[in-house]
Trainee: 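So that we are looking at the same thing, I have put the structure below in structure tokens.
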Amino acid sequence: MQDIAANSSLPPLRLGVNIDHVATIRNARGGDHPDPVRAAQIVASVGGDGITAHLREDRRHIRDEDLARIQDATDLPLNLEMAATQEMLGIALRHKPHAACIVPEKREERTTEGGLDAAGLHNTLVPIVDRLREADIRVSLFIEADERQLETALHLGVPVVEFHTGEYAHAILDGDGDRTAKELRRITDMAALAAKNGIEPHAGHGLTFDNVQPIAAIPQLAELNIGHYLIAEAVFTGLEPAIRRMRDLMDAAR
Ligand code: PXP
């Protein structure tokens with residue numbers, strides 16, 4: 001895909017780097033190396049805007065003790081991705097990350113497949129969102145770009161939603177132009193609707209050097225959270241150049 005030329009003067013788009021998969025590699029051997037804290041420091045040193053980490057129920061990548069270590073090691077805001085459970089709520093309230101993004105979680109899935117059914121989980125979410133808000137944690141819901149889900153987010157009073165870009169990324173991989181255009185339109189429309197209703201829209205999942213620019217060009221988006229591709233690229237080029245290239249592509253699309 002061609003680089004998209006800079007659009008004019010859209011507000012800057014923040015890049016949150018998801019460092020989970022540094023921990024995945026560490027955990028493969030059970031030791032301390034590579035340390036996700038070192039990755040967080042590199043993100044800070046190359047101008048990344050935030051650190052994202054998903055503390056999963058099975059602790060397959062980030063572990064509890066990593067959270068405080070990451071918070072101590074950089075001044076970047078921490079965006080904690082968490083399932084809507086009492087256990088994760090307790091951890092979030094103890095660590096007080098800048099933001100908490102509520103994600104769906106199934107033990108058997110390889111990654112977060114699909115957005116949170118916020119509409120279906122409304123009654124479970126109300127007390128969790130309330131407790132996080134009372135603790136001054138910026139709550140986000142990781143949802144599909146779907147009007148019903150967005151309405152629930154509005155009803156719950158969350159300040160942020162993150163739109164799942166997985167279907168968009170899959171459509172590109174499948175070489176399906178119509179589906180790609182449809183997915184992009186869905187995210188574009190819902191980002192505009194979110195912003196119009198006072199919710200800050202973010203996006204993430206499956207974003208790469210090749211597919212990031214049409215998403216980065218959506219004017220209302222304020223933040224992208226990108227993980228697996230950056231960490232995988234880092235194997236070949238190092239983390240610093242991988243983040244710099246992603247940053248440049250995002251900036252060029254604005
Ligand atoms: N945003 C959220 C809410 C996620 O759950 C994930 C995956 O953990 C990402 C962004 C990053 O997705 P990827 O690793 O595919 O870049």
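One-based numbering, in listed order, for ligands and for the atoms of each.
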Trainee: Please list, in number order, the atoms of ligand 1 under 4.0 Å from a heavy atom of His228.
Mentor: 13 (P), 14 (O), 16 (O)
Trainee: Are Glu183 and Arg186 close enough for a salt bridge, meaning some N to O gap below 4.0 Å?
Mentor: yes
Trainee: Please verify the inter-ring angle class for His164 with Phe142; under 30° counts as parallel, over 60° as perpendicular, anything in between as tilted.
Mentor: parallel
Trainee: Gly227 versus ligand 1: do any nitrogen or oxygen atoms come within less than 3.5 Å of each other?
Mentor: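 Between Gly227 and ligand 1 (N or O atoms, distance only) the closest approach is under 3.5 Å.
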Trainee: Using a strict 4.0 Å threshold on nitrogen-to-oxygen distance, state whether Asp248 and Arg245 make a salt bridge.
Mentor: no
Trainee: So, Arg56 and Asp20, do they make that salt bridge, N to O below 4.0 Å?
Mentor: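 No.
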Trainee: Give yes or no for whether the N/O distance cutoff of 3.5 Å, strictly under, is met between His21 and ligand 1.
Mentor: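 No, since none of the N or O atoms of His21 sits under 3.5 Å from an N or O of ligand 1.
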Trainee: Taking only heavy atoms of Ile226 into account, list the atoms of ligand 1 that are under 4.0 Å away from them.
Mentor: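 Counting atoms of ligand 1 from 1, those under 4.0 Å from Ile226 are 16 (O).
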Trainee: On the 0 to 90° scale, with breaks at 30° and 60°, tag the His21-His228 ring pair as parallel, tilted or perpendicular.
Mentor: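 The arrangement is perpendicular - the two ring planes meet at more than 60°.
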Trainee: Closer than 4.0 Å to some heavy atom of Val103 - which atoms of ligand 1 meet that?
Mentor: 3 (C)
Trainee: So, applying side chain to side chain donor-acceptor pair (under 3.5 Å) with Asn27, which one of His61, Arg60, Arg63 is it?
Mentor: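 Only one option passes, and that is Arg63.
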Trainee: Where the closest heavy atom to atom 3 (C) of ligand 1 is concerned, which of His54, Glu81, Arg56 has it?
Mentor: Glu81
Trainee: Quick one: look at Asn225 and ligand 1, take heavy-atom pairs under 4.0 Å, and tell me if it's side chain, backbone, both or neither.
Mentor: both
